[in-house]
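Counting from 1, the numbers follow the sequence of the chain as shown.
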Amino acid sequence: MRFVFTPPVQACVPVVGQSDSFPVHRIYCVGRNYAEHAKEMGFTGREAPFFFMKPADAVLVCEEGATAAMPYPSLTSNLHHEIELVVAIGKGGKNIPAAQAMEHIWGYAVGLDMTRRDLQGEMKKQGRPWCIGKAFEHSAPISAITPVAQAGDVAQAEIWLQVNGQDRQRSHINQLIWNIAETIEHISQAWELQPGDLIMTGTPEGVGAVQAGDVLQGGITGLAPLRVAIMA
């Protein structure tokens with residue numbers, strides 16, 4: 001096949017203990033999926049899950065033992081961190097029942113849903129889509145993916161984020177409103193999941209702003225951690 005210009009390099013994420021990389025197809029994100037985070041955003045209760053997306057090339061790879069550099073994005077003065085468990089899909093499907101959902105998971109990673117909160121808030125006020133607040137370059141830092149067999153009991157794992165060595169977010173994956181299997185079930189009713197899809201499962205309470213010069217360190221028990229420096 002010939003192209004009118006050279007196509008971009010495939011977005012991919014490294015895999016723990018392997019030289020092969022995980023190619024990224026789509027990035028699905030779950031909104032307000034921890035009760036305490038929903039409260040701090042002004043909502044309560046177990047509402048039906050809702051989703052938004054980031055482009056595959058929003059991925060910012062965080063190599064083990066290294067600090068990834070994230071440029072402070074344009075048009076915002078209120079860049080927020082949201083630490084999340086990322087589910088990497090290895091087997092596609094549509095209308096996947098929750099009872100079979102875990103069979104479709106290839107591995108897990110630690111991710112950050114970086115958010116231009118001021119732009120998101122303004123779009124919400126106007127009743128407009130808020131892609132501009134979520135789907136920009138480098139807005140999805142992600143650690144190396146840990147294969148399922150090496151990840152341990154992710155459903156009971158602790159999740160945390162520190163900024164400049166100080167705790168900002170700390171919770172457990174078992175606090176998800178919609179658990180991993182239920183989330184896959186819901187997403188696969190709206191889209192046909194494909195190998196290479198990533199699902200950012202939601203963030204716990206404690207989201208807040210970061211500035212140029214800040215260093216973010218995040219982790220989930222049993223998974224490769226991430227470390228990101230915000231650059232001017």
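Checked by atom type, the side-chain pair E122/Q126 shows a donor-acceptor distance below 3.5 Å. No side-chain donor-acceptor contact under 3.5 Å links N95 and S188.
Between L176 and N174, the closest side-chain pair of non-hydrogen atoms is not below 4.5 Å. Looking only at side-chain heavy atoms (C-beta outward), P73 and E137 stay at 4.5 Å or farther from each other. Side-chain contact between I184 and I105 is present, with at least one heavy-atom pair separated by less than 4.5 Å. In this structure the side chain of N78 never reaches within 4.5 angstrom of the side chain of R116, judged on heavy atoms. Put simply, the side chain of L161 reaches to within 4.5 Å of the side chain of L216, judged on heavy atoms. By the 4.5 Å heavy-atom criterion applied to side chains, H138 and F136 are not counted as neighbours. Contact annotation: the side chain of Y28 approaches that of D197 to within less than 4.5 Å [non-hydrogen atoms, C-beta and beyond]. D113 places a side-chain heavy atom less than 4.5 Å from the side chain of F52.
For the atom pair K124 NZ and L119 CG, the distance stands at 12.5 Å (nearest 0.5 Å). Residue W160 holds its CH2 atom at 6.0 Å from CD of Q217, rounded to the nearest 0.5 Å. L85 contributes atom CG, which lies 7.0 Å from atom OH of Y108 (distance to the nearest 0.5 angstrom). Atom CD of residue E64 and atom CZ of residue R227 lie 14.5 Å apart, to the nearest 0.5 angstrom.
With sequence neighbours left out, D153 forms a salt bridge (charged side-chain N to carboxylate O under 4.0 Å, His left out) with no residue at all. Among residues two or more places apart in sequence or in another chain, the side-chain contact (heavy atoms from CB on, under 4.5 Å) test is passed with A212 by A232. Here F22 pairs with W106 under the ring pair (Phe, Tyr, Trp, His ring centres under 6.0 Å) rule; sequence neighbours left out. Applying the side-chain hydrogen bond (donor to acceptor under 3.5 Å, both in side chains) test to S171 and every residue at least two apart in sequence or in another chain returns nothing. Partners of H172 under the side-chain hydrogen bond (donor to acceptor under 3.5 Å, both in side chains) rule, at least two apart in sequence or in another chain, do not exist in this structure.
In terms of heavy atoms, A68 sits closest to V61 at CB-O, 3.6 Å. Here the closest heavy-atom approach between residue L79 and residue Y72 is recorded as N-OH, 3.4 Å. Taking each heavy atom of G222 and T146 in turn, the nearest pair found is O-CG2, 4.1 Å. Shortest non-hydrogen contact noted between L223 and A151 is CD2-CB, 3.8 Å. Contact detail for P55 and I27: the closest heavy-atom pair is O-CD1, 3.4 Å. Taking each heavy atom of P23 and S21 in turn, the nearest pair found is CD-O, 3.5 Å.
Not a single donor-acceptor pair under 3.5 Å links the side chain of D118 to the backbone N or O of T76. Without hydrogens or angle criteria, S143 side chain to A224 main chain gives a donor-acceptor distance under 3.5 Å. Not a single donor-acceptor pair under 3.5 Å links the side chain of D57 to the backbone N or O of A11.
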task = Carefully, step by step, assess V215 and I230 under the rule side chain to side chain contact (heavy atoms under 4.5 Å, CB included).
result = CA-CA 6 Å; V215 176; I230 308 298; over 6 Å; no

task = Evaluate side chain to side chain contact (heavy atoms under 4.5 Å, CB included) for V228 paired with L112, printing each intermediate quantity in order.
result = CA-CA 9 Å; V228 178; L112 283 166; 4.1 Å; yes

ask   = Would E158 and R170 count as a side chain to side chain contact (heavy atoms under 4.5 Å, CB included) if you check the C-alpha gap in whole Å, the side-chain angles of each, and the deciding distance to 0.1 Å?
value = CA-CA 7 Å; E158 185 178 26; R170 191 170 291 272; 3.0 Å; yes

inquiry  = Would M123 and Q120 count as a side chain to side chain contact (heavy atoms under 4.5 Å, CB included) here? Give the steps.
reply    = CA-CA 5 Å; M123 293 301 101; Q120 181 194 30; 6.0 Å; no

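Sorted by first then second residue, the salt bridge (Lys or Arg N to Asp or Glu O under 4.0 Å) pairs that include residues 70-96, not counting sequence neighbours, are E82-R117, E82-K134.
A chain of hydrophobic side-chain contacts below 4.5 Å, direct or via other Ile, Leu, Val, Met, Phe, Trp or Tyr residues, connects I173 to I187. Side-chain heavy atoms closer than 4.5 Å link hydrophobic residues (I, L, V, M, F, W, Y) into clusters, and following such links, possibly through other members, connects V30 to M53. I220 and V13 fall into different hydrophobic clusters, where Ile, Leu, Val, Met, Phe, Trp and Tyr residues are linked whenever their side-chain heavy atoms come under 4.5 Å apart, directly or through other members. Residues I142 and M200 share a single hydrophobic cluster, defined by chaining ILVMFWY side chains whose heavy atoms lie under 4.5 Å apart. Hydrophobic clustering, with ILVMFWY side chains joined whenever heavy atoms are under 4.5 angstrom apart, keeps V59 apart from I89.
Annotation for M102: atom CE counts as buried by contact number, over 12 foreign heavy atoms lying within 6.0 Å.
Here the options are K54, H80, H81, the test is side chain to side chain contact (heavy atoms under 4.5 Å, CB included), and the partner is M114; only H81 passes.
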